[in-house]
Each structure stands twice: as structure tokens, then as C-alpha cells.
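To start, the structure itself, in C-alpha cells.
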Amino acid sequence: MKSSLPPILCLGFPAWEGDYQKSTVQLMRALAREQEVLYVEYPFSWKDVWQGFRHNNKPYRRIMGLEPRLRAFPTQGAGRLNVLTLPPVFPVNGLEEGPRYDALASANARKVLPAILRAMKKLGYQKPLIINAFNPFLGVYLQPLIESSGSYYYCYDQIGAARWTHRHGPRLEARLLGQVDGIITSSQPLLEEKRGNLPGVVVKNGVNLTLFEQAFREVPRHEKGPVLGYLGSIDDRIDIDLLESLLDRWPAASLLMVGRIMEPGIEQRLASHPRIELAGAQQPADLPAWVAKMDIGLIPFVTNEFTRFIYPLKINEYLAAGLPVVSTLFSDLSDFEGVIEVGAETETFLAASRRAWESDNKALRHARRAFAAGHTWDARADELTAWLGEQLPGA
């Protein structure tokens with residue numbers, strides 16, 4: 001049955017497509033089962049257009065309006081899902097804070113506004129609910145220009161600690177929090193950090209169960225040493241020293257890492273190890289084939305100001321595939337007590353990994369998949385829909 005909520009206009013930070021899993025995309029796709037959703041994807045800059053033209057890795061024809069910017073995607077219910085690609089904007093992230101930045105960022109908002117209003121008119125949207133998904137960079141200047149039934153900030157990372165958002169993120173996020181009616185976060189620590197006096201809700205990362213249970217294997221392999229697996233971006237969140245120590249002390253084990261490599265120095269270090277395979281970035285539909293090669297799913301994060309706010313997307317993806325999971329104690333993992341193994345330091349992480357390997361069995365694999373089945377993106381979307389309904393006037 002179609003929801004009674006107003007249409008949802010999501011101002012997203014990530015592009016809709018890509019070679020990695022995106023929580024915003026997954027959540028909006030799930031919301032669109034019973035909602036009207038217009039996802040406004042990452043605002044590509046003129047620099048992106050030039051790079052896309054040179055390397056054929058950006059949808060530059062759609063960005064330039066040579067192909068339709070508004071696209072419709074199928075849904076699994078009565079809702080509708082549309083995705084809008086914006087016209088190109090000025091690249092401003094490299095500028096220093098000040099009048100020049102504000103002037104160009106404001107000009108970007110005014111430039112893309114007509115495309116959004118045309119899409120809204122075509123879809124019949126009036127006064128939508130605005131969800132700003134980690135994009136204060138555009139939202140601060142754009143949201144006041146769009147009449148809405150309410151606006152909410154969806155925050156899934158510590159914006160000041162991320163390398164790619166720290167320059168302008170904290171300042172603009174603070175301004176955005178003064179504009180919105182509520183906040184949605186992916187973890188309790190983030191909610192406590194950001195909400196102030198705003199109403200808020202935690203909508204934790206979910207799992208595309210249909211996708212990742214394709215990697216489910218009932219019986220673990222014990223005839224060889226384990227293939228340790230890591231799924232996700234390869235960047236400075238990962239404790240490389242820990243992984244090298246783990247392999248040095250467990251000669252039978254190998255490590256398969258699947259994801260975008262964000263740091264060239266890390267790539268060189270990992271690639272030099274004879275028992276580490278770097279599979280690179282993969283399209284979401286191809287991930288089950290890689291996860292099926294893993295015997296243990298690792299979350300080897302360092303503990304710092306960035307990681308302590310994370311609810312890891314990959315944890316339920318591993319569990320949906322039936323894999324035992326071993327993690328460092330980088331954040332609050334109490335939701336998974338009794339389901340995963342935790343090792344806070346090298347020795348305990350090694351012991352936890354060996355324990356996960358030696359104790360794995362058919363019954364545990366089915367139990368892990370059953371646990372993940374209670375944490376799907378559809379369930380998360382239902383939680384968010386109920387909360388948004390409570391925020392509307394007269395609710």
C-alpha cells in the first residue's frame with residue numbers, strides 16, 4: 001500500500017551508480033517501495049565533466065543534457081523512484097572559506113534549482129519532504145529555495161574527520177542543522193554528537209539480503225587455510241599493521257580485499273605482500289561472487305575520531321553470506337554481541353580469527369544469515385517512514 005507521506009526529495013552526496021555499496025542509495029531504493037522518491041545525485045562539477053570526457057568514467061552526456069537527466073527506476077511496490085542528474089557546477093571544494101566560496105556555492109545552487117523544479121513539476125511533486133543525505137555543501141544554499149513539508153539531515157559519517165569533507169564540512173553542516181526540522185543518523189554516537197535540540201532518529205545501515213545471500217555457503221571449508229576477506233573502501237581507516245601481523249602469525253591464511261583503493265601508499269604496501277589479493281572496486285551485482293571466496297569477514301578498523309561513529313555497512317553483508325565476522329573494537333558493536341568475534345589488539349584479534357575459523361559450522365552459518373535477515377534495508381526504510389510520519393504536523 002502506498003504511503004501517505006509527501007513525496008521525498010533527497011539531495012544526495014553520492015552518485016546513484018558506482019562500483020561500491022552506498023547506504024544512501026540503498027535506503028532510498030527501499031523507501032521507494034511505497035514512497036514517491038526523487039533522488040538528486042552528486043552534483044558533478046565542470047572538472048568531473050572534463051575527466052569523464054577524457055577517461056569515459058563519468059556520465060558526461062547526461063550531465064550536459066545530451067541525454068535525459070531524469071530517469072525512472074523500477075520498484076518492488078506501489079512507490080516510484082526517479083533519479084535526477086544535475087547540470088555541471090563550479091568546482092568549489094578547493095577554495096578557502098570566505099566570500100568567494102559562498103558566492104560560487106550559492107551560484108551553484110541557483111544554477112541547479114531550475115532542473116530540480118522542472119523534475120518536481122513533471123512528477124507532480126508539491127512541498128516534498130527534503131532529506132539531505134550528507135550534502136550540506138549544496139543543501140545550505142539550495143534548501144531555502146525549495147518549499148517543503150519538512151527537511152531532515154541524514155548523517156552517516158563524522159564529516160569533520162573524513163579527509164574528503166573536512167575542509168568545509170563542519171562549518172556547513174552546522175549551518176544546515178540550523179535549517180532542518182530533524183536529523184537522521186546511522187549510529188547512536190552520531191545522533192548524540194549532532195542532534196542538539198532537534199528531534200532525531202537512528203536508522204542503522206542495513207543489508208540487501210537478496211544480493212548477499214547469493215554468497216551463502218552452508219558448509220565451511222576446512223581442508224585449507226582460511227581466505228580472510230575484507231569488503232569496502234581501502235583507506236586510512238584500515239589497520240595495515242594488524243593485517244600484516246595477522247598474516248605473519250598465521251602462515252596458512254591469505255587475505256582477499258575487495259573495494260576501492262583510496263590511498264596509493266596503502267595500495268603499494270598491500271600489493272607487495274605475497275598472500276594479499278587486491279580485487280579492486282567491483283559493481284554491487286558482482287560482490288556475491290567475491291564474498292563467496294571468503295571464509296571469514298574482517299573489519300580491521302583503527303580506532304579514531306572517524307571510525308568511532310561508524311555503524312559498518314559490511315557487517316550485515318558478511319552475516320547474510322553466513323560468514324563468521326571478526327572486528328576490532330573501533331566503535332559500539334553491542335548490537336552484534338554473541339554474533340561476531342571481537343579482538344581489540346593484535347593478539348586478541350588473531351585469537352578471535354582462529355576461533356572463528358575453527359568453530360565455524362553449518363548451524364552457525366544459518367544463524368548468521370537469520371540475524372542479517374532482521375536488518376534489511378526494507379526494515380530500515382519502514383523505521384524511517386514511521387518516524388517521518390510522526391514528525392508531520394497533526395501527527
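Keep in mind it's a predicted model, so treat the numbers as computed, not measured.
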**Prompt:** Does any non-hydrogen side-chain atom of F371 lie less than 4.5 Å from one of F336?
**Reply:** yes
**Asked** Are the side chains of Y152 and N132 in touch, meaning some heavy atoms are under 4.5 Å apart?
**Response** no
**Item:** Pair listing, ring-ring contact (aromatic ring centres under 6.0 Å, His included) test, anchored in residues 88-121, at least two apart
**Value:** Y101-H168
**Message:** What I want to check is whether the side chains of K194 and Q158 have a donor and an acceptor closer together than 3.5 Å.
**Reply:** yes
**Asked** D332 and S334: side-chain donor and acceptor closer than 3.5 Å?
**Response** yes
**Pairing residues for R195 by the salt bridge (charged side-chain N to carboxylate O under 4.0 Å, His left out) criterion, not counting sequence neighbours** = none
**Pair D382-T385, side-chain donor/acceptor within less than 3.5 Å** = no
**Request:** Check which hydrophobic residues are tied to L142 through side-chain heavy-atom contacts below 4.5 Å, counting indirect links as well, and list them.
**Result:** L9, L11, L38, V40, L70, L84, L86, V89, V112, L113, I116, L117, M120, L123, Y125, I130, L138, L145, I146
**Message:** Tell me which pairs pass ring-ring contact (aromatic ring centres under 6.0 Å, His included) where either residue lies in residues 313-335, with sequence neighbours left out.
**Reply:** F301-F330
**Item:** Side-chain donor-acceptor pair present, R380, T376, cut-off under 3.5 Å
**Value:** no
**Message:** Any salt bridge linking K314 with E317? Criterion: basic side-chain nitrogen under 4.0 Å from a carboxylate oxygen.
**Reply:** no
**Request:** Taking side-chain hydrogen bond (donor to acceptor under 3.5 Å, both in side chains) as the test, write out the residues that go with D335, two or more places apart.
**Result:** K204
**Item:** Sequence-distant partners of Q179, side-chain contact (heavy atoms from CB on, under 4.5 Å), two or more places apart
**Value:** V140, Q143, P144, L176
**Prompt:** Can the positive tip of R354 be found less than 6.0 Å from the middle of the six-membered ring of W250, inside 45° of the ring normal?
**Reply:** yes
**Asked** Does E192 have any salt bridge (charged side-chain N to carboxylate O under 4.0 Å, His left out) partners at least two apart in sequence or in another chain, and if so, which?
**Response** none
**Message:** Taking side-chain contact (heavy atoms from CB on, under 4.5 Å) as the definition, give me every residue that meets it alongside D157, ordered by chain and number, with sequence neighbours left out.
**Reply:** F134, F306, I310
**Request:** Could you tell me which residues satisfy salt bridge (charged side-chain N to carboxylate O under 4.0 Å, His left out) with E17, sequence neighbours excluded, listed by chain and number?
**Result:** R62, R71
**Request:** Check the side chains of R260 and S233 for a donor-acceptor pair under 3.5 angstrom, ignoring hydrogens and angles.
**Result:** yes
**Listed partners of E213 passing side-chain contact (heavy atoms from CB on, under 4.5 Å), at least two apart** = L209, R369
**Request:** Assess the side chains of D102 and Y141: does a donor N or O sit below 3.5 Å from an acceptor N or O?
**Result:** yes
**Prompt:** Can you name the residues that form a side-chain hydrogen bond (donor to acceptor under 3.5 Å, both in side chains) with Y20, not counting sequence neighbours?
**Reply:** none
**Prompt:** Between E173 and Y153, do the side chains contain an N or O donor and an N or O acceptor separated by less than 3.5 Å?
**Reply:** yes
**Message:** Could you tell me if the side chain of F349 sits less than 4.5 Å from the side chain of L298, heavy atoms only?
**Reply:** yes
**Request:** Could I get the full list of salt bridge (charged side-chain N to carboxylate O under 4.0 Å, His left out) partners for D248, not counting sequence neighbours?
**Result:** none
